[in-house]
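A quick write-up on the structure given underneath.
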Amino acid sequence: MSTEYIVADDEPHTVMVLKSLLTNQLKVPQNAIQTAYDSAELLDSVATLGPEPAIVTLDVALPGALERLTMLQAVLDLRSNLRILMHSTNNCPYLVEDAIAAGAYAYVLKKSTPLVVAEGIIAARQGRVFIDPAIDMDGIRKHDWNRVTNQERRIIVALCKGTPLVQIALELGVRYDSISRHKRKAMKTMKIK
């Protein structure tokens, strides 16, 4: 059996363009392509796939109960052999890095040419990582966030989410009074006042 494809996006125009790219440029039979317009439909579609690896073009901002990396993880929990191309307007290199680390094979911007999208799909199909050349992945290596320790990152993220200090201390196994010290050190490193 040939590879199956799922195009997951809430914009009908984008679904039409991706399906056209698959059928006309990559010669995928129309009956091998499913569509999903929200996260619930996507999970239902993934559950019906055959045993062979399938390709999913996944809108990062697909509506529904799950979004971004949570959705990516839920899809891969259902079928670990999926080859996922994240398709997004979000060009944040940190999101791209996290998506690839979480199991996506490719990350392509919606504003990119069909040639770039096709290159991402081909890479995913072959099991290779592909990142849209329009995304500034070099900038991530120069950012001050990379000079902050993992513990400081976890504390900063927890504080930004509004997690109470007592809960952070318990979850991370640190003393209550050391949270402020980690926060101050991270802010100094990132030159934040």
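Values reported hereafter were calculated over all heavy atoms of this structure, with side chains retained and with hydrogens, waters and symmetry mates removed.
- Residues S80 and L76 fail the side-chain proximity criterion, which asks for heavy atoms closer than 4.5 Å.
- Here the straight-line distance linking atom CG of D177 with atom CG of L165 works out to 11.0 Å at 0.5 Å rounding.
- Y105 and V75 are assigned to two separate hydrophobic clusters, defined by single-linkage of ILVMFWY side chains at heavy-atom distances under 4.5 Å.
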Item to check | Step-by-step side chain to side chain contact (heavy atoms under 4.5 Å, CB included) determination, T113 to V116 | outcome: CA-CA 5 Å; T113 65; V116 171; 3.5 Å; yes

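- Between L170 and V166, the closest side-chain pair of non-hydrogen atoms falls below 4.5 Å.
- Scanning for side-chain contact (heavy atoms from CB on, under 4.5 Å) contacts around R79 gives V46, L49, N81, L82, with sequence neighbours left out.
- Qualifying salt bridge (Lys or Arg N to Asp or Glu O under 4.0 Å) partners for E41, counting only residues two or more places apart in sequence or in other chains: none.
- Hydrophobic clustering (ILVMFWY, side-chain heavy atoms < 4.5 Å, transitive): L26 and V7 are in one cluster.
- The salt bridge (Lys or Arg N to Asp or Glu O under 4.0 Å) check on D138 picks up nothing, with sequence neighbours excluded.
- The closest donor-acceptor contact from the side chain of Q25 to the backbone of A118 lies at 3.5 Å or more, if one exists at all.
- Here CG of D132 is found 3.0 Å from OG of S112. Values are rounded to the nearest 0.5 Å.
- Cluster annotation: V129 and L69 are assigned to the same hydrophobic cluster (Ile/Leu/Val/Met/Phe/Trp/Tyr, side-chain heavy-atom contacts under 4.5 Å, transitive).
- Applying the side-chain hydrogen bond (donor to acceptor under 3.5 Å, both in side chains) test to residues at least two apart or on different chains, the pairs with a partner in residues 156-173 are Q167-E171.
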Per-pair distances, 0.1 Å, donor-acceptor, side chain in residues 84-93, under 3.5 Å, sequence neighbours excluded:
from, atom 1, to, atom 2, distance (Å)
S88, OG, N90, N, 2.7
S88, OG, Y107, OH, 3.4
N90, OD1, C92, N, 2.9

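- Among all heavy-atom pairs drawn from I33 and K19, the shortest one is CG2-CG, 3.9 Å.
- Every residue two or more places apart in sequence or in another chain was checked for a salt bridge (Lys or Arg N to Asp or Glu O under 4.0 Å) with K188, and none qualifies.
- Hydrophobic clustering (ILVMFWY, side-chain heavy atoms < 4.5 Å, transitive): V96 and V56 are in one cluster.
- Checked against side chain to side chain donor-acceptor pair (under 3.5 Å), E152 has the following partners two or more places apart in sequence or in another chain: T149, K185.
- The side-chain heavy atoms of V15 and L18, taken from C-beta on, include no pair separated by under 4.5 Å.
- Under the 4.5 Å side-chain criterion, counting only non-hydrogen atoms from C-beta, R83 is not in contact with Q126.
- Using a 4.5 Å heavy-atom threshold, the side chains of I122 and F130 count as separate.
- Taking the side-chain contact (heavy atoms from CB on, under 4.5 Å) definition, one finds that K183 meets it with I156, L159, M187, sequence neighbours left out.
- Rounding to the nearest 0.5 Å gives a distance of 10.0 Å between CG of D38 and CE of M71.
- Counting heavy atoms from C-beta on, the side chains of R154 and N150 come closer than 4.5 Å.
- Two residues are said to be in side-chain contact when any heavy atoms from C-beta on lie closer than 4.5 Å; I121 and L21 meet this criterion.
- At distances below 3.5 Å, at least one donor-acceptor pair connects side-chain atoms of T23 with backbone N or O atoms of S20.
- For the atom pair CG (L72) and CG (D98), the distance works out to 10.5 Å, reported to the nearest 0.5 Å.
- Of all heavy-atom pairs spanning A106 and I100, the tightest one is N-CD1, 4.1 Å.
- No path of Ile, Leu, Val, Met, Phe, Trp and Tyr side chains, each step under 4.5 Å between heavy atoms, connects V28 with M16, placing them in separate hydrophobic clusters.
- Not a single side-chain contact (heavy atoms from CB on, under 4.5 Å) links D44 to another residue, sequence neighbours left out.
- With hydrogens and angles ignored, the 3.5 Å screen pairs no side-chain donor or acceptor of D59 with any backbone N or O of A8.
- Looking only at atom types and distance, the side chain of Y5 has a donor-acceptor partner in the side chain of R125 under 3.5 Å away.
- Here CG of L22 is found 9.5 Å from CD1 of I55. Values are rounded to the nearest 0.5 Å.
- Applying the side-chain contact (heavy atoms from CB on, under 4.5 Å) test to S45 and every residue at least two apart in sequence or in another chain returns I6, Q34, A36.
- With sequence neighbours left out, the side chain to side chain donor-acceptor pair (under 3.5 Å) criterion links T189 to no other residue.
- With sequence neighbours left out, the side chain to side chain donor-acceptor pair (under 3.5 Å) criterion links E97 to no other residue.
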